[in-house]
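Letters A, B, ... mirror the listed sequences (proteins, then strands); counts begin at 1.
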Amino acid sequence: MNRLSPEEIRERGAAFPRERAAKKEKTLEDLPLSERGAVKLRFAPNPSGPLHLGHARAAVLNDEYAKRYEGDLILRFEDTDPRRVDPEAYEMIREDLRWLDVDWSEEVLQSSRFDLYYRYADELLGMGAAYVCTCPPESFKRHRDAGKGCPCRDKKTGHEEFEKMFNEYREGEAVLRLKTDLSHRNLSMRDFPIMRIVERPHPIAGDRRVYPLMNLSVAVDDHELGLTHVLRGKDHILNTHKQTFIFDLFGWEKPQYIHYGLLKIEGVMLSTSETGQGIKDGRYTGWDDVRLGTLAALRRRGIQADAVRRTMVEVGAKPTDISFSWKNLYAMNKELIDPHAKRYSFVESPKTLTIRGCPEKVVKNPLHPVSDMGFREIRLPEGEVRLLIGKEDFSARAEGDVIRLMGAYNVRISSKDQSGMEGVFHSMELEEARRMKAPLINWVVAGEDVPVKVLSPEGERHGAAEKALLHAGKDEVVQFERYGFVRIEDKNGAVVAVFAHR
RNA sequence: GCUCCGGUAGUGUAGCACGGCCAAUCAUAUCGGACUUUCAAUCCGAUGACUCGGGUUCAAAUCCCGACCGGAGCACCA
């Protein structure tokens with residue numbers, strides 16, 4: 001994916017001014033125990049790839065609350081697993097957030113705080129609340145499931161053993177465990193691990209081998225950073241229990257935890273790791289492949305960041321699982337772009353239509369039916385005229401039909417074969433066409449057409465657009481009449497347009 | 001299986017903590033009409049939901065119990 005500057009992102013994404021106010025905005029529920037100016041939140045992605053629709057929910061909701069309460073939002077990269085860090089992802093995530101108009105006041109890399117986690121681990125060791133466990137996993141589980149401590153639990157040499165994790169034990173041979181309740185009804189709560197060995201340097205922090213597990217690093221940071229509220233998916237509920245256990249050990253004041261439900265998104269690949277794999281073996285063209293649910297793909301298609309934001313705000317932070325609806329997102333997006341999108345004629349998989357007996361006609365169609373954006377002008381000569389019409393319009397018409405060429409005149413189809421149709425001029429006036437219930441069809445002058453490649457999630461389409469399309473700017477979102485909204489991606493050579501929705 | 005959570009129209013959402021004003025809100029979707037040189041937008045109209053069963057109560061979407069359905073977690077990932 002190309003690297004974009006913040007300015008470019010704004011241009012590309014926020015092509016249109018944000019229009020709120022227009023309608024009553026759905027707003028979020030109040031946060032519990034919150035005070036204006038005192039709220040501190042965080043968005044904490046794992047930098048293994050760019051953000052997708054699922055992340056957008058957490059990002060937007062946190063940002064909305066931070067803004068509402070004039071609080072702070074911290075961007076915290078949870079990069080404590082060296083195997084799951086893509087160094088490129090940090091900047092991709094920042095780009096996505098800037099596009100979403102998410103403002104963060106502080107950025108934290110957990111990979112720059114390992115010493116802090118070691119210190120707290122030491123402290124837990126000193127408190128007798130943690131121990132180094134060298135049992136094979138199966139053996140530990142046997143003891144745990146029986147409600148008993150493993151043999152390592154009562155070792156007196158905690159600090160020395162911990163030392164050995166840094167220079168002696170190999171990966172998989174030892175972990176640091178927290179002493180919890182061995183009779184806890186949830187097995188995974190019993191003496192859960194907080195540090196482990198990974199014999200691999202960290203892509204950012206370099207030479208390390210002892211890494212904290214999230215429940216330690218997250219608890220430490222949520223406390224150290226003074227968070228008042230933690231907004232996260234319900235898949236983290238058990239982690240919340242584990243983390244509050246650590247808060248209690250240290251006697252820290254806990255933030256308010258809010259868990260929202262699953263966001264089921266149909267028809268699109270969201271898994272970051274699978275997508276990354278797919279890019280590697282060529283199934284996807286990149287993180288912004290139009291078939292993906294990444295924010296990069298959405299903005300490439302001309303989906304406005306504000307449409308994503310509004311959708312997420314409407315969905316809210318309740319614990320119920322919800323089915324994300326593309327239709328609702330598209331409707332929201334259309335509301336934003338329709339007032340600004342210039343109209344152009346485009347015909348897919350075109351067929352020719354040759355008309356005889358035409359009077360000269362200068363067609364002057366507005367670039368927008370409502371807003372005053374100027375016109376596009378086409379001169380149709382007297383006599384014979386050759387046009388291109390879309391394949392669908394072509395197959396829907398039969399000999400003898402009368403059609404209205406939008407902005408021009410009415411034509412009777414005189415013959416039709418595989419390659420095209422022929423027709424004769426019938427009449428000029430729109431009223432006449434209405435009287436005959438003739439369908440309105442858009443067209444492009446053959447020979448003056450611009451070839452267009454349309455990239456859509458359903459595949460690649462080819463067609464022709466009127467020449468005036470060349471006046472549209474790169475990255476501009478326009479509407480192909482009777483076809484749908486697209487973002488103009490490339491104008492060098494054949495035009496490439498990325499399809500958003502109808 | 002165990003632990004926890006949740007179930008309002010096709011989809012999303014309001015209402016549920018303090019039961020009556022809820023024959024249930026708003027948006028979107030679908031259908032129909034008006035307008036219109038786009039199958040867009042706009043305007044008008046229609047369709048459509050409290051998962052089920054018991055209980056408490058004069059009164060339940062709202063409280064209680066059970067069933068059913070859905071989900072999450074049960075890692076040396078986050």
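Base pairing annotation: A61(B) forms no Watson-Crick or G-U wobble pair, as no partner gives both donor-acceptor distances under 3.5 Å. Nucleotide C74(B) forms a Watson-Crick or G-U wobble pair with G1(B), both donor-acceptor distances falling under 3.5 Å. Under the Watson-Crick or G-U wobble criterion, with both distances below 3.5 Å, A17(B) is left unpaired in every strand shown. Pair assignment for G66(B): C52(B), on the basis of Watson-Crick or G-U wobble contacts that are both within less than 3.5 Å. Pair assignment for A29(B): U47(B), on the basis of Watson-Crick or G-U wobble contacts that are both within less than 3.5 Å. Base pairing of U37(B): no nucleotide in any strand meets the Watson-Crick or G-U wobble criterion (both distances under 3.5 Å).
Atom pair Phe192(A):CZ and C76(B):P shows a separation of 12 Å (rounding to whole Å applied). Rounded to a whole Å, the NE2 atom of His426(A) is 19 Å from the P atom of U37(B). Atom CG in Asp181(A) sits about 19 Å away from atom P in C74(B), given to the nearest Å. C77(B) atom C1' lies 18 Å from atom CZ of Phe77(A), rounded to whole Å. Whole-Å rounding puts the Trp443(A) CH2 to U38(B) P distance at 14 Å. The distance between atom CZ of Arg185(A) and atom P of U3(B), rounded to the nearest whole Å, is 7 Å. When the P atom of U37(B) is taken as reference, atom CG of Leu367(A) falls 17 Å away, rounded to whole Å. Distance, Lys234(A) NZ to C4(B) C1': 10 Å, rounded to whole Å.
Dashed line: the shortest gap from a side-chain N or O of Lys334(A) to OP1 or OP2 of A41(B) is under 4.0 Å. The shortest distance between the side-chain N/O atoms of Lys264(A) and the OP1/OP2 oxygens of U11(B) is not below 4.0 Å. A sub-4.0 Å separation between OP1 or OP2 of A78(B) and a side-chain N or O of Thr80(A) is present. At G12(B), one or more side-chain N or O atoms of Ser323(A) fall inside 4.0 Å of OP1 or OP2 (strictly under the cut-off). Under 4.0 angstrom from either OP1 or OP2 of A40(B) there lies no side-chain N or O belonging to Arg502(A). Proximity of Arg196(A) to the phosphate of A78(B): a side-chain N or O atom is located under 4.0 Å from OP1 or OP2.
Closest to the Lys327(A) side chain, of the nucleotides A29(B), A78(B), A75(B), is A29(B). Listed nucleotides: C76(B), U38(B), C77(B). Nearest to the side chain of Arg84(A): C77(B). Here A40(B) is the nucleotide among A40(B), A29(B), A78(B) with the atom lying nearest to any side-chain atom of Asp338(A). Out of C76(B), A72(B), G12(B), the shortest distance to the side chain of Leu213(A) is found at C76(B).
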Evaluate the salt bridge (charged side-chain N to carboxylate O under 4.0 Å, His left out) criterion for residues Asp338(A) and Lys334(A): first the C-alpha distance (whole Å), next the side-chain angles of each, then the deciding distance (0.1 Å), finally the verdict.
CA-CA 5 Å; Asp338(A) 184 79; Lys334(A) 187 173 4 184; over 6 Å; no

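Heavy-atom minimum distance, Gly407(A) versus Asn365(A): CA-OD1, 3.6 Å.
Using a 4.5 Å heavy-atom threshold, the side chains of Glu173(A) and Thr134(A) count as separate. By the 4.5 Å heavy-atom criterion applied to side chains, Val315(A) and Tyr260(A) are not counted as neighbours.
The number of heavy atoms from other shown groups lying within 6.0 Å of CD (Glu348(A)) is above 12.
To the nearest whole angstrom, the two P atoms, one in G7(B) and one in C52(B), are 14 Å apart.
Side-chain atoms of Arg343(A) and base atoms of U38(B) include a donor and an acceptor less than 3.5 Å apart. Donor-acceptor pairing under 3.5 Å, judged by distance alone, is present between the side chain of Asn328(A) and the base of U11(B).
Taking the six-membered ring where the residue is Trp, the centroids of Tyr65(A) and His229(A) are separated by 6.0 Å or more.
Summary of the strand contacts: Met428(A) and Ser217(A) both lie near RNA chain B, and taking for each the nucleotide with the nearest heavy atom, the more 5' one is attributed to Met428(A). Ranked by how close their nearest RNA chain B nucleotide is to the 5' end, Phe485(A) and Leu187(A) are led by Phe485(A).
Relative orientation of the Tyr483(A) and Phe480(A) rings is tilted, given thresholds of 30° and 60° on the angle between their planes.
Contacts of Leu440(A) with the nucleic acid, taken as non-hydrogen atoms under 4.0 Å apart, involve only primed sugar atoms and P, OP1 or OP2.
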